[in-house]
Student: 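Here it is, the structure, as structure tokens.
Computed from a predicted structure; not experimentally measured.
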Protein chains: 2
Amino acid sequence: MRKKITLKQIARELDVSVSTVSKALSGSKEISEDTTQKIQAFAKLYNYRPNNIALSLKNRKTKTIGILIPEIVHHFFSTVIRGIELIANRRGYNVIVGLSNESFSKEIINMEMLANGSIDGFILSISKETLLKQDYHHFNATINQGIPIVMFDRVVNEVNCDKVIVDDFNGSVKAVKKLIENNCKNIALITTMDYVSVGRLRTQGYIEALEEHKIFADSNLILKIDDSLDVENHLEVLENEIERFFKTNNTIDGVFAVNELYAVTAMKVARKLGLSIPEDIQVIGFTDGVLSKHATPSLTTVSQHGQKMGEQAANLLIDRLEAIDSESDQYIVNDNPKHDFIKIVIETELIERESTK
Amino acid sequence: MRKKITLKQIARELDVSVSTVSKALSGSKEISEDTTQKIQAFAKLYNYRPNNIALSLKNRKTKTIGILIPEIVHHFFSTVIRGIELIANRRGYNVIVGLSNESFSKEIINMEMLANGSIDGFILSISKETLLKQDYHHFNATINQGIPIVMFDRVVNEVNCDKVIVDDFNGSVKAVKKLIENNCKNIALITTMDYVSVGRLRTQGYIEALEEHKIFADSNLILKIDDSLDVENHLEVLENEIERFFKTNNTIDGVFAVNELYAVTAMKVARKLGLSIPEDIQVIGFTDGVLSKHATPSLTTVSQHGQKMGEQAANLLIDRLEAIDSESDQYIVNDNPKHDFIKIVIETELIERESTK
DNA sequence: TTGTAGGCGTTATCAC
DNA sequence: GTGATAACGCCTACAA
């Protein structure tokens with residue numbers, strides 16, 4: 001078992017001082033050709049690599065990004081991570097992942113754990129419970145400690161930081177307009193409860209599109225699913241709710257669902273009720289994941305560009321970290337700087353497949 | 001901007017020494033009631049938390065686990081991460097995630113980056129390219145540095161470490177037997193190329209089940225998909241291959257596919273060819289993900305228990321880390337210890353849904 | 001009861 | 001050209 005070698009060990013072996021070794025390895029020309037050669041050869045032989053932890057302590061930055069998300073077994077979130085990891089790696093950062101599991105307390109614990117020196121900044125999406133409670137003190141506390149945050153997708157006005165979102169509103173508008181153009185007369189919306197900002201915006205888009213076409217937005221055609229309680233037989237409950245909804249509104253000929261699962265389930269229920277897709281009823285979902293691609297019929301969706309969101313978020317965060325860096329070198333940082341926070345809005349696009357005409 | 005406070009700052013403010021503060025905060029009774037009170041109150045007020053990096057440097061352990069997987073936008077892998085994170089968190093560890101993207105060099109780079117002090121041990125699944133090259137020196141090098149590795153799912157005999165796998169062989173046997181019991185006479189196998197151990201084992205299970213029932217394993221009924229090249233229109237290629245396969249073997253009445261995607265695609269193609277499922281052709285997949293649950297008809301699968309694998313892997317790794325810990329405290333560690341490495345095999349089970357009778 | 005000193009691994013500054 | 005020293009933040013054996 002050959003443990004990693006340290007500067008000190010090299011120094012002892014070669015009978016020079018630690019600082020000489022350090023300089024030689026960094027190619028400083030303070031050191032003679034000879035010693036440099038000797039030291040570098042020895043270091044290579046023993047595969048010397050500086051210890052990241054020691055560097056972090058010295059430089060007071062870890063070169064790692066903390067990702068805090070509600071759930072990882074989820075196409076959208078994992079896609080975002082992939083985007084973050086891609087950019088992070090490219091720019092010399094690592095990513096450490098924490099899962100809130102949609103819980104307020106887990107979100108806080110995770111944050112505090114990582115904020116104690118483990119990471120330089122956060123990229124996160126807020127848990128449902130936090131959104132419900134509307135308690136954002138932990139985010140602000142973190143920011144006040146000088147740790148920057150970039151929020152994505154589930155963001156909130158109450159926290160001052162960089163944000164990356166998709167254009168949920170216009171995405172919905174596009175989807176619903178498509179249904180209208182395709183001659184749907186009774187377009188239903190299947191959405192979540194309003195406290196998730198994303199759901200609210202998508203609902204607004206739905207209403208806007210209808211109104212633009214002078215169609216009355218009948219509240220009976222809106223089904224709000226309460227997914228805050230994560231029950232065992234969630235899927236069954238969902239199916240039943242949708243079935244009841246379809247039965248009491250049997251003129252529905254178009255459905256816009258705010259996520260894949262709702263859309264796919266709606267298709268399933270519709271088929272069960274003897275309706276064919278897209279002839280009798282057309283369906284559009286939001287988020288372009290595996291389900292959309294492989295459902296039968298395949299699902300027309302509003303694509304959410306998760307990977308791009310991740311990439312943008314990572315660039316935003318790293319840019320800010322490096323800005324802070326050079327700032328603090330040059331002048332004293334204003335104690336309460338009116339930072340200009342950036343909000344990147346990613347355009348959505350409609351991917352047409354078989355569930356619409 | 002109130003940066004995190006340090007022991008030194010507290011000491012200066014309260015006009016005591018750093019060690020007094022340290023002791024007071026850890027509740028040492030060397031320190032007087034009075035000072036302890038005062039210091040603890042002050043620390044609480046300023047929300048003092050020890051710096052993780054400093055602790056890591058001092059203790060020579062980071063309390064973080066490195067996860068290295070080929071891909072994250074993938075139901076199975078993300079499920080495993082969830083399991084690892086769950087246990088890690090519970091036992092006081094963080095997880096740092098690296099993606100190899102199925103590439104040998106990215107796997108190495110990521111490993112080396114993390115092995116330089118950032119993590120205490122690895123949990124990983126080998127990339128396809130590495131399996132193809134059969135070059136495992138980086139794993140052995142890491143282990144020789146005293147960094148333990150736990151491999152899961154895609155493991156390899158050439159590396160001596162703890163492993164967690166599912167019982168791929170028996171999983172296949174179960175699936176194929178089910179098809180046989182359900183009266184399928186011509187059972188096809190859709191699998192990957194052999195270099196992925198997992199694919200090979202599943203193929204062996206298929207053959208074994210047939211032979212047990214004295215059925216000739218016709219190699220024409222085995223379709224091997226070459227997914228090493230990740231082409232753009234991968235899906236289309238897959239569909240075409242399967243279609244051609246079905247057409248040249250038009251007596252197929254049962255299909256066992258080594259993953260969800262192949263199974264779902266097979267169903268799609270079958271339907272396209274006018275076959276109904278499960279009446280004309282029955283299908284079973286491997287891995288129980290979203291697709292299986294939500295496909296129509298829903299897919300009978302061999303469940304892979306990703307979360308459980310993650311949990312077991314995390315426990316295995318942490319156990320070993322803590323064993324090393326107490327070991328090295330007590331006596332000098334044998335330089336080449338005949339460690340007994342553990343291989344946990346997780347049983348699979350057949351989840352019956354609509355794609356079989 | 002409190003403080004000093006040393007060390008974890010590294011780099012930067014300054015002295016020789 | 002080389003080395004000693006200090007510092008990053010923490011802990012602890014030992015000294016006072």
Side-chain angles (χ1 to χ4, degrees), chain A residues 3-40 42-43 46-64 115-120 145-146 325 328-329, chain B residues 3-40 42-43 46-64 115-120 145-146 325 328-329:
Chain A
K3 281 250 179 205
K4 295 239 76 155
I5 199 170
T6 69
L7 285 189
K8 196 197 258 191
Q9 287 164 27
I10 299 183
R12 201 183 309 132
E13 291 297 321
L14 296 184
D15 210 44
V16 288
S17 82
V18 173
S19 46
T20 305
V21 177
S22 174
K23 284 172 188 162
L25 289 178
S26 67
S28 159
K29 50 197 181 63
E30 278 184 45
I31 308 297
S32 74
E33 193 83 0
D34 260 16
T35 2
T36 302
Q37 286 285 322
K38 195 177 59 177
I39 292 176
Q40 288 190 345
F42 190 91
Y46 282 89
N47 190 32
Y48 170 80
R49 291 281 178 283
N51 178 308
N52 290 332
I53 296 295
L55 286 180
S56 294
L57 185 59
K58 178 123 205 35
N59 302 332
R60 300 144 120 267
K61 62 184 154 205
T62 59
K63 290 277 198 171
T64 105
N116 296 322
S118 301
I119 53 94
D120 295 337
Q145 274 170 41
D325 233 41
S328 60
D329 281 356
Chain B
K3 280 250 180 203
K4 294 241 76 155
I5 199 170
T6 69
L7 285 188
K8 197 197 254 191
Q9 287 164 25
I10 299 183
R12 200 182 311 131
E13 290 297 321
L14 297 185
D15 210 44
V16 288
S17 82
V18 174
S19 57
T20 306
V21 178
S22 173
K23 285 172 187 162
L25 289 179
S26 66
S28 158
K29 50 198 181 64
E30 278 183 42
I31 309 296
S32 75
E33 192 84 357
D34 260 18
T35 358
T36 304
Q37 286 285 323
K38 195 177 59 179
I39 292 176
Q40 288 192 345
F42 190 90
Y46 283 89
N47 190 32
Y48 170 79
R49 292 279 179 284
N51 179 309
N52 290 332
I53 295 295
L55 285 179
S56 295
L57 186 57
K58 174 124 207 29
N59 302 330
R60 305 148 115 266
K61 61 184 154 205
T62 60
K63 290 273 196 175
T64 105
N116 296 322
S118 299
I119 52 94
D120 295 338
Q145 273 170 41
D325 234 42
S328 61
D329 281 356

Student: Decide yes or no for B/L14 and B/V21: does some side-chain heavy atom of the first lie under 4.5 Å from some side-chain heavy atom of the second?
Tutor: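 No, every pair of side-chain atoms sits at 4.5 Å or beyond.
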
Student: Could you check A/L55 against A/K63 for side-chain contact (heavy atoms from CB on, under 4.5 Å), going step by step and ending with a plain yes or no?
Tutor: CA-CA 10 Å; A/L55 286 180; A/K63 290 277 198 171; over 6 Å; no

Student: Within a strict 4.5 Å, meaning less than it, do heavy atoms of the A/L7 and A/L25 side chains meet?
Tutor: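 Heavy-atom side-chain distance check passes, below 4.5 Å.
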
Student: If a pair satisfies salt bridge (charged side-chain N to carboxylate O under 4.0 Å, His left out) and one of its residues is in residues 23-37 of chain A, list it, with sequence neighbours excluded.
Tutor: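 Residue pairs with at least one partner in residues 23-37 of chain A: A/K23-A/E30.
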
Student: Starting at CD1 of A/I39 and ending at P of D/dG1, how long is that distance when rounded to a whole Å?
Tutor: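 Checked: the CD1 to P distance equals 14 Å.
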
Student: Side-chain N or O of B/T35 less than 4.0 angstrom from OP1 or OP2 on C/dT2?
Tutor: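 True: B/T35 side-chain N/O within range (under 4.0 Å) of C/dT2 OP1/OP2.
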
Student: Which whole-number value in Å describes the distance from A/K3 NZ to C/dC8 P?
Tutor: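 To the nearest whole Å, that distance equals 14 Å.
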
Student: Strictly below 4.0 Å: does B/K8 bring a side-chain N or O up to OP1 or OP2 of D/dC8?
Tutor: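 It does, given that an N or O in the side chain of B/K8 lies less than 4.0 Å from OP1 or OP2 of D/dC8.
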
Student: Which whole-number value in Å describes the distance from B/K4 NZ to D/dG9 P?
Tutor: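 Answer to the nearest Å: 13 Å.
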
Student: Do B/I5 and B/E13 have side chains that approach each other closer than 4.5 Å (heavy atoms only, starting at C-beta)?
Tutor: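 They are not in side-chain contact.
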
Student: Tell me the interatomic distance from B/D15, atom CG, to C/dT2, atom P, rounded to whole angstroms.
Tutor: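 Value for this atom pair: 13 Å.
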
Student: Atom CG of B/N52 to atom P of D/dC11: distance rounded to whole Å?
Tutor: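 To the nearest whole Å, that distance equals 11 Å.
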
Student: A/K29 NZ to D/dT2 P: how many Å, rounded?
Tutor: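 It is 14 Å, rounded to the nearest whole Å.
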
Student: Check whether any side-chain heavy atom of A/Y46 sits under 4.5 Å from a side-chain heavy atom of A/I10, and report yes or no.
Tutor: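 Not in contact.
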
Student: A/K61 has an atom NZ; how far is it from atom P of D/dC8, in whole Å?
Tutor: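 The answer, rounded to whole Å, is 16 Å.
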
Student: Can you tell me if B/S17 and B/S19 form a side-chain donor-acceptor pair at under 3.5 Å?
Tutor: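 Yes, because at least one side-chain N or O of B/S17 sits under 3.5 Å from a partner of the opposite role on B/S19.
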
Student: I want to check one thing: is the phosphate of C/dG9, taken as OP1 and OP2, less than 4.0 Å away from some side-chain N or O of B/R60?
Tutor: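 The answer is yes; a side-chain N or O of B/R60 sits under 4.0 Å from OP1 or OP2.
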
Student: Is there any protein nitrogen or oxygen under 3.5 Å from a nitrogen or oxygen in nucleotides 11-13 of chain C, and what are the pairs?
Tutor:
from	atom 1	to	atom 2	distance (Å)
C/dT11	OP2	A/S22	OG	3.2
C/dT13	O4	A/K23	NZ	3.4

Student: So if I take every side-chain heavy atom of A/T20 and compare against C/dG9, D/dT2, C/dG3, which nucleotide ends up nearest?
Tutor: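 When the side chain of A/T20 is considered, D/dT2 is the closest of C/dG9, D/dT2, C/dG3.
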
Student: Flag the pair B/N51 / B/T6 as yes when at least one side-chain heavy-atom distance between them is below 4.5 Å, and no otherwise.
Tutor: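 B/N51 does not reach B/T6 side chain to side chain.
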
Student: Between B/S32 and B/L57, which has a closest nucleotide on DNA chain C that is more 5'?
Tutor: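 Result: B/S32.
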
Student: In degrees rounded to 10°, what angle is found between the helical axes fit to the five outermost pairs at each end of the helix from C/dT1-D/dA16 to C/dC16-D/dG1?
Tutor: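 For the helix from C/dT1-D/dA16 to C/dC16-D/dG1, the axes at either end differ by 70°.
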
Student: Distance from B/K38 atom NZ to B/S32 atom OG, nearest 0.5 Å?
Tutor: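 Atom-to-atom, B/K38:NZ and B/S32:OG are 8.0 Å apart.
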
Student: Quickly work out the B/N116 CG to C/dT10 C1' distance and round it to whole Å.
Tutor: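 Roughly 13 Å, once rounded to whole Å.
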
